[in-house]
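All values below were derived from every heavy atom in this structure, side-chain atoms included, with hydrogens, water molecules and symmetry-related copies excluded.
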Amino acid sequence: MNFNLKVNGESFHTDIAPDELLFETLRKLGFYSVKCGCDTTNCGLCTVIIDDLPYLSCSMLTIRCGDKEIYTLEGLYEETKELRDYIAHEGGEQCGFCSPGFIMNVVTLKRKNLPYCEDEVAKYLSGNLCRCTGYSAQMRAVKNFLEG
């Protein structure tokens, strides 16, 4: 079926299946920062921002997003530069596989403009799986980013 989708401020006209998941559609359109690593909504790799909130695109049907503003990491390149630099500086960028989903969640957290609280940040980011770092470097980077 023909479908219109707005991603990173641009309109796309594409053909989708009625049961197509958003992460599949986004990858088909060339947004490779969106990954699916678990097929169980447990890893956070497929996180995108839809209408200013983070969503797991592996659990969202594309057809539900026709009137939504969708952002991937590609569309937030400038906004995320400072966070990416903090992550690299703190040594939180090892394999980098988890970074796009992690960064998308941190961006939405920063937009809420809440005071930094390590426990609250840890809860907010608990859906992001990283098998390399143990999270301490990433949490230092998040703290610097949110307080900066």
Going by side chain to side chain donor-acceptor pair (under 3.5 Å), name the residues that satisfy it together with Arg84, two or more places apart in sequence or in a different chain.
Thr80
With a 4.5 Å cut-off on side-chain heavy-atom distances among I, L, V, M, F, W and Y, is there a chain of contacts connecting Leu5 to Leu56?
no
With sequence neighbours excluded, tell me which residues meet side chain to side chain donor-acceptor pair (under 3.5 Å) with Asp85.
Lys81
With ILVMFWY side chains joined below 4.5 Å, transitively, what does Phe97's cluster contain besides itself?
Leu45
side-chain contact (heavy atoms from CB on, under 4.5 Å) partners of Asn4, counting only residues at least two apart:
His13
So, do Glu69 and Ile50 sit near enough that their side-chain heavy atoms are less than 4.5 Å apart?
no
Applying ring pair (Phe, Tyr, Trp, His ring centres under 6.0 Å), can you list everything that pairs with Tyr55, at least two apart in sequence or on another chain?
none
For Glu10, give me all partners under side chain to side chain donor-acceptor pair (under 3.5 Å), at least two apart in sequence or on another chain.
none
Taking all non-hydrogen atoms of both residues into account, name the closest pair between Val107 and Glu79 and its distance.
CG1-OE2, 3.4 Å
Closest non-hydrogen contact found for Val48 with Ser57 is CG2-CB, 4.1 Å
Are Phe23 and Ile16 grouped together when hydrophobic residues (ILVMFWY) are joined by side-chain heavy atoms under 4.5 angstrom apart?
yes
Could you list the residues that satisfy side-chain contact (heavy atoms from CB on, under 4.5 Å) with Glu118, not counting sequence neighbours?
Tyr116, Met139
Would you please name every residue forming a side-chain contact (heavy atoms from CB on, under 4.5 Å) with Ser126, sequence neighbours left out?
none
Quick one: are Met60 and Leu21 in side-chain contact, heavy atoms under 4.5 Å?
no
Closest heavy-atom pair and its distance - Ser59, Thr41:
CB-CG2, 3.5 Å
Quick note, salt bridge (charged side-chain N to carboxylate O under 4.0 Å, His left out) partners involving residues 134-148, not counting sequence neighbours, are Glu90-Arg140, Lys143-Glu147
In this structure, CG of Leu26 is separated from OG1 of Thr72 (nearest 0.5 Å) by 7.0 Å
According to ring-ring contact (aromatic ring centres under 6.0 Å, His included), does anything in residues 117-148 pair up with another residue at least two apart or in another chain? List the pairs.
none
Rounded to the nearest 0.5 angstrom, the CG-SG distance for Leu22 and Cys36 is 11.5 Å
Scanning both residues in full, the closest heavy-atom pair of Thr108 with Leu53 reads CG2-C, 4.4 Å
Closest heavy-atom pair, Asn105 versus Pro54, reported as atoms and distance to 0.1 Å, is OD1-CB, 3.2 Å
Summary of side chain to side chain donor-acceptor pair (under 3.5 Å) pairs that have at least one residue in residues 23-35, sequence neighbours excluded:
Glu20-Thr25, Glu20-Lys28, Thr25-Thr62, Ser33-Glu74
Can you confirm whether more than 12 heavy atoms, excluding those of Arg64, are under 6.0 Å from its CZ atom?
no
If you take all heavy atoms of Gly148 and Lys110, which pair is closest and at what distance?
O-NZ, 3.6 Å
Restricting to side chain to side chain donor-acceptor pair (under 3.5 Å), what partner residues turn up for Glu120, sequence neighbours left out?
none
